[in-house]
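First up is the structure itself, then whatever we jot down about it.
Counting starts at 1 for both ligands and their atoms, following the listed order. Scope of the values below: all heavy atoms of this structure, side chains included, with no hydrogens, waters or symmetry mates.
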Amino acid sequence: MHRELTEDQLAIVSTTRDFAQECLAPYAVEWDQNKHFPVDVLARAAALGLGGVHVREECGGSGLTRLDAVLAFEALATGCPSIAGYTSIHNMVAGMIDRHGTPGQRARWLPGLCSMRDLASYCLTEPGAGSDAAALTTRARRDGDHYVLDGVKQFISGAGSSQVYVVMARTGGEGPQGISAFVVERGDPGLSFGPNERKMGWNAQPTRQVVLDGVRLPADRLLGVEGGGFRIAMNGLDGGRLGIAACSLGGAQDALERATKYLAEREAFGARLLHAQALQFQLADMATELEAARSLLWRAATALDDGDPQAPHLCAMAKRFATDTGYEVANRALQLHGGYGYLAEYGVEKIVRDLRVHQILEGTNEIMRVIVARGLTGAA
Ligand SMILES: Cc1cc2nc3c(=O)[nH]c(=O)nc-3n(C[C@H](O)[C@H](O)[C@H](O)COP(=O)(O)OP(=O)(O)OC[C@H]3O[C@@H](n4cnc5c(N)ncnc54)[C@H](O)[C@@H]3O)c2cc1C
């Protein structure tokens, strides 16, 4: 089923990789240490078309396919998985507004999002509802021509810096059918943010609680139809999972290349370490496993592009496999650096810390197995 990459796709890879090496990689460790979110650099990424990869061109987007996007996110993550991961989330939200928004909503938010003058956050998780997202309790009460939102969202990437928040809230009864999606803006009265969480990785972007305290929104902030929010949220995650998987591959590919270079330079027992066949075999296995994950990811992206009914299962398979593989490969690259791998200045321990969370967010890898198993057993 695999085709060769087209000229355009090869250009996406080389342009994005050049950008990642020039504008992200030299600063990635410093941003991690200082917990700096480089929004100015994101605007430069947007100038390359990375702010609205799935958004139609007439709304300022790049109108790329899912396969194009995973190529771009893998290339971007070779410079910094944390920045690439946030960019993937931003694009997921922009894509949701493009796909489910009215013409007025698209005109209002997409130009700013595509240029990354405005950033976006995806607000599903709550303190008491993560994997079981359909149990969320944030309320949206209808009041005349308005909705009033109350609740707390947990672990929200980009929160505080983002201008646009797609918030899933309960307008009806229990379960997924009672959930609707809303667009909340940073300046809306009643919206506030928790402190920036102290985390293991993904330090080059903020993670905060989003607190909604009587946020009063005009009815035209509803995205899609009342009760359709859970479906919008899950559809968004199919593509989002591909993006996160691609970021794992990019981070791990970078770690593999660093390890190869390091072994070529490092001498022990009278020879370059790269001459040790035991270590060469490790590099060979790491490259093989990444290539296998890449093949599955491209297969899943193509299925989503083609509207294949199996796409959600394939996206879950690819997310689970690529994020587990990416983490393992990066961790082995750290080991191949010996003690230096443990030092921040070599950049590998940061990749390991960044990739660890890819196994947790946008659905944990256990939940990916639940989705795949449902496809096998036919369970709802
Ligand atoms: C840095 C970071 C950024 C994030 N960004 C966002 C964001 O931007 N927007 C957003 O909405 N959320 C975000 N999240 C939240 C993330 O998606 C959730 O943490 C994740 O979905 C898991 O939910 P939980 O933490 O409540 O864990 P829980 O659901 O409480 O799970 C705890 C453990 O139980 C396992 N488990 C739960 N149910 C099952 C089951 N049925 N079968 C097998 N195992 C199960 C889980 O896999 C996990 O290992 C982010 C999280 C982090 C850490």
Side-chain angles (χ1 to χ4, degrees), residues 32 35 37 80-96 119-138 151-170 176 179 181-184 193-212 223 229-230 232-241 243-245 247-248 251 315-316 319-320 323-324 327 350 352-374 376-377 379-380:
D32 173 73
K35 300 187 170 35
F37 188 35
C80 177
S82 171
I83 293 302
Y86 172 73
T87 308
S88 172
I89 293 174
H90 168 92
N91 274 283
M92 171 171 69
V93 176
M96 289 163 71
L119 302 178
S121 290
Y122 175 90
C123 307
L124 179 64
T125 306
E126 297 183 354
S131 299
D132 187 9
L136 64 81
T137 60
T138 293
V152 177
K153 294 293 176 177
Q154 180 75 14
F155 294 126
I156 303 307
S157 301
S161 299
S162 291
Q163 174 67 16
V164 172
Y165 298 80
V166 169
V167 174
M168 272 48 79
R170 192 165 296 286
I179 296 171
F182 295 88
V183 182
V184 180
F193 308 101
N196 191 6
E197 302 286 358
R198 293 187 296 162
K199 321 190 277 283
M200 173 180 178
W202 268 33
N203 286 318
Q205 52 155 312
T207 307
R208 292 189 166 90
Q209 277 193 339
V210 170
V211 181
L212 302 127
L223 190 62
F230 196 71
I232 291 173
M234 293 301 115
N235 285 345
L237 281 179
D238 284 339
R241 286 169 184 154
I244 293 299
C247 293
S248 284
C315 291
K319 193 272 184 183
R320 204 281 294 162
T323 58
D324 282 352
Y327 178 76
K350 175 206 177 281
V352 175
R353 289 187 287 104
D354 281 348
L355 297 197
R356 183 63 182 83
V357 79
H358 297 195
Q359 296 172 298
I360 296 171
L361 49 71
E362 301 212 358
T364 66
N365 284 2
E366 290 74 31
I367 294 303
M368 296 306 98
R369 291 182 176 90
V370 170
I371 295 170
V372 173
R374 269 187 203 145
L376 296 174
T377 60

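- Looking at heavy atoms from C-beta onward, P81 lies in side-chain contact with K350 at the 4.5 angstrom threshold.
- Between the side chains of Q154 and E126, not a single donor N or O lies within less than 3.5 Å of an accepting N or O.
- Polar contact check, T364 against ligand 1: a nitrogen or oxygen pair lies under 3.5 Å apart.
- Annotation: atom 8 (O) of ligand 1 to nearest protein heavy atom, S157 N, 3.0 Å.
- Looking at R241, its side chain never comes within 3.5 Å of a backbone N or O of C315 through a donor-acceptor pair.
- When only non-hydrogen protein atoms are considered, atom 24 (P) of ligand 1 lies nearest to G130 CA, 3.9 Å.
- Counting protein heavy atoms only, atom 53 (C) of ligand 1 is closest to V357 CG2, 3.6 Å.
- Checked by distance only, ligand 1 and T125 come closer than 3.5 Å through their nitrogen or oxygen atoms.
- When hydrogens are left out, the protein atom nearest atom 44 (N) of ligand 1 is E366 CB, 3.5 Å; that is the closest non-hydrogen contact.
- Proximity of V210 to Y165: side-chain heavy atoms (C-beta onward) are separated by under 4.5 Å at one or more points.
- Closest to atom 42 (N) of ligand 1, if we only count protein heavy atoms, is V370 CG2, 3.9 Å.
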- [ ] Given side chain to side chain contact (heavy atoms under 4.5 Å, CB included), test Y327 with V352 step by step and report yes or no.
- [x] CA-CA 6 Å; Y327 178 76; V352 175; 3.5 Å; yes
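- Atom 35 (C) of ligand 1 is never approached by the protein to below 4.0 angstrom, counting heavy atoms only.
- By the 4.5 Å heavy-atom criterion applied to side chains, Q209 and P127 are counted as neighbours.
- When only non-hydrogen protein atoms are considered, atom 28 (P) of ligand 1 lies nearest to S131 OG, 3.7 Å.
- Judged by distance alone, the side chains of S82 and D32 never bring a donor and an acceptor atom under 3.5 Å apart.
- Remark: of the listed residues H358, K319, R320, K319 is the sole one forming a side-chain hydrogen bond (donor to acceptor under 3.5 Å, both in side chains) with N365.
- Panel note: side chain T87, backbone I83; a donor-acceptor pair is recorded below 3.5 Å.
- Near E362, meaning under 4.0 Å from one of its heavy atoms, ligand 1 places the atoms 17 (O).
- Applying the 4.0 Å criterion to heavy atoms of Y122 picks out, from ligand 1, the atoms 7 (C), 8 (O), 9 (N), 10 (C), 11 (O).
- Near L124, meaning under 4.0 Å from any of its heavy atoms, are these atoms of ligand 1: 11 (O).
- At a distance under 4.0 Å, no protein heavy atom can be found next to atom 30 (O) of ligand 1.
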TODO: Show your reasoning for whether side chain to side chain contact (heavy atoms under 4.5 Å, CB included) applies to R208 and N196.
DONE: CA-CA 5 Å; R208 292 189 166 90; N196 191 6; 3.8 Å; yes
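- Ranking the protein heavy atoms by distance from atom 20 (C) of ligand 1 puts I360 O, 3.6 Å first.
- Remark: the backbone N or O of G130 is not paired with any side-chain donor or acceptor of T125 at under 3.5 angstrom.
- Taking distance alone, with nitrogen or oxygen atoms compared against 3.5 Å, W202 stays at or beyond that limit from ligand 1.
- For C123, no nitrogen or oxygen atom sits less than 3.5 Å from a nitrogen or oxygen atom of ligand 1, counting backbone and side chain alike.
- The backbone N or O of M168 sits less than 3.5 Å from a side-chain atom of K153, completing a donor-acceptor pair.
- When hydrogens are left out, the protein atom nearest atom 39 (C) of ligand 1 is I367 CD1, 3.8 Å; that is the closest non-hydrogen contact.
- Of the listed options Y86, Y165, F155, F155 places a heavy atom closest to atom 51 (C) of ligand 1.
- Contact annotation: for L361 versus ligand 1, heavy atoms closer than 4.0 Å belong to both the backbone and the side chain.
- In this structure, atom 22 (C) of ligand 1 is in close contact with the protein, since a protein heavy atom lies within 4.0 Å of it.
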